[in-house]
Amino acid sequence: AQKITQTQPGMFVQEKEAVTLDCTYDTSDPSYGLFWYKQPSSGEMIFLIYQGSYDQQNATEGRYSLNFQKARKSANLVISASQLGDSAMYFCAMSGASGGYQKVTFGTGTKLQVIP
Amino acid sequence: DTAVSQTPKYLVTQMGNDKSIKCEQNLGHDTMYWYKQDSKKFLKIMFSYNNKELIINETVPNRFSPKSPDKAHLNLHINSLELGDSAVYFCASSHRGQGRAGELFFGEGSRLTVL
């Protein structure tokens, strides 16, 4: 069984500062994927970044980077130069094989608020 | 051109009624999902279909019945609605062996309110 843990229910960050959102996971699958999604107040789910379990380098997408520490089973999201539009819920998720098919499990989310 | 579309976006109904939510994707994906997001924002998988075949069926009351007439459509029918069914229901799709393994493409969500 796979499990995703986000221990920060809410975070504040000053505009233009960097912020790290924590995510730890647990799985017995040797191959898995880690994702971060953003959900603004409008409700849609927006894909941010992906890290495969066999990827050697940490993933980056613009201002987003994923700090992947496989031995610690952590996949923290780093947002650099925060903007007011970054205020949203952020979900960490993991995909793994379930009976030959991919099953995606989500963490409980972190609500990020960017302060002007 | 919306990739994953759900209808209706909002649904308000009385306890005990039966309602359906429809989902369609035009991405050519072979796998579709229903997720439920409760009032605390927790996202939980309910069902998954691959090429019209049910492959994931989490612990969901049997009042919920998914139906996939073809691989581009996945509908959710809910019988005898209860107050606790109030939530946002997300449809999503993905494709085996394509792109990032397990990447989900989400619809906009359908907010169900049971009075």
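Letters A, B, ... are given to chains in the order of the sequence lines, protein chains preceding strands, and every chain is numbered from 1. For the numbers below, each heavy atom of this structure counts, side chains included, while hydrogens, waters and symmetry mates do not.
- Linking ILVMFWY residues whenever their side-chain heavy atoms come closer than 4.5 Å, directly or via other members, leaves B/Met32 and B/Ile56 in distinct clusters.
- Criterion: ILVMFWY side-chain heavy atoms under 4.5 Å apart, direct or through other members. Under it, A/Leu34 and A/Trp36 are part of a common hydrophobic cluster.
- A 6.0 Å sphere centred on CD of A/Gln8 holds more than 12 heavy atoms belonging to other residues, nucleotides or ligands.
- Taking a 6.0 Å sphere around NZ of A/Lys73, one finds it holds more than 12 heavy atoms contributed by other residues, nucleotides or ligands.
- The stretch residues 42-50 of chain B places B/Phe42, B/Leu43, B/Ile45, B/Asn50 near chain A, each with some heavy atom under 4.5 Å from a heavy atom of that chain.
- Counting heavy atoms of neighbouring residues, nucleotides and ligands inside a 6.0 Å radius, atom NZ of A/Lys3 does not exceed 12 of them.
- Within 6.0 Å of CZ in A/Arg63 there are more than 12 heavy atoms belonging to other residues, nucleotides or ligands.
- With a 4.5 angstrom heavy-atom cutoff, B/Phe105 does not touch chain A via any of its atoms.
- Residue B/Ile55 is not grouped with residue B/Leu74 when hydrophobic side chains (ILVMFWY) are merged at heavy-atom distances under 4.5 angstrom, including chains of intermediate members.
- With a threshold of 4.5 angstrom between heavy atoms, A/Phe91 approaches chain B through side-chain atoms but not through N, CA, C or O.
- The hydrophobic clustering, which links ILVMFWY residues whose side-chain heavy atoms are closer than 4.5 Å, places A/Leu77 and A/Phe47 apart.
- With contacts defined as side-chain heavy-atom distances shorter than 4.5 Å, the pair A/Phe106/B/Gln37 does not qualify.
- Here the CD atom belonging to A/Gln39 is positioned 5.0 Å from the CZ atom belonging to B/Phe90, to the nearest 0.5 angstrom.
- Linking ILVMFWY residues whenever their side-chain heavy atoms come closer than 4.5 Å, directly or via other members, places B/Val114 and B/Ile78 in the same cluster.
- A/Tyr37 places a side-chain N or O within donor-acceptor distance of the main-chain N or O of B/Leu104, the cut-off being under 3.5 Å.
- Contact of the A/Tyr50 side chain with the B/Glu103 side chain is not registered, since no non-hydrogen atoms from C-beta on lie closer than 4.5 Å.
- Near-neighbour residues of residues 4-20 of chain B relative to chain A, defined by a heavy atom under 4.5 Å from a heavy atom of that chain, are none.
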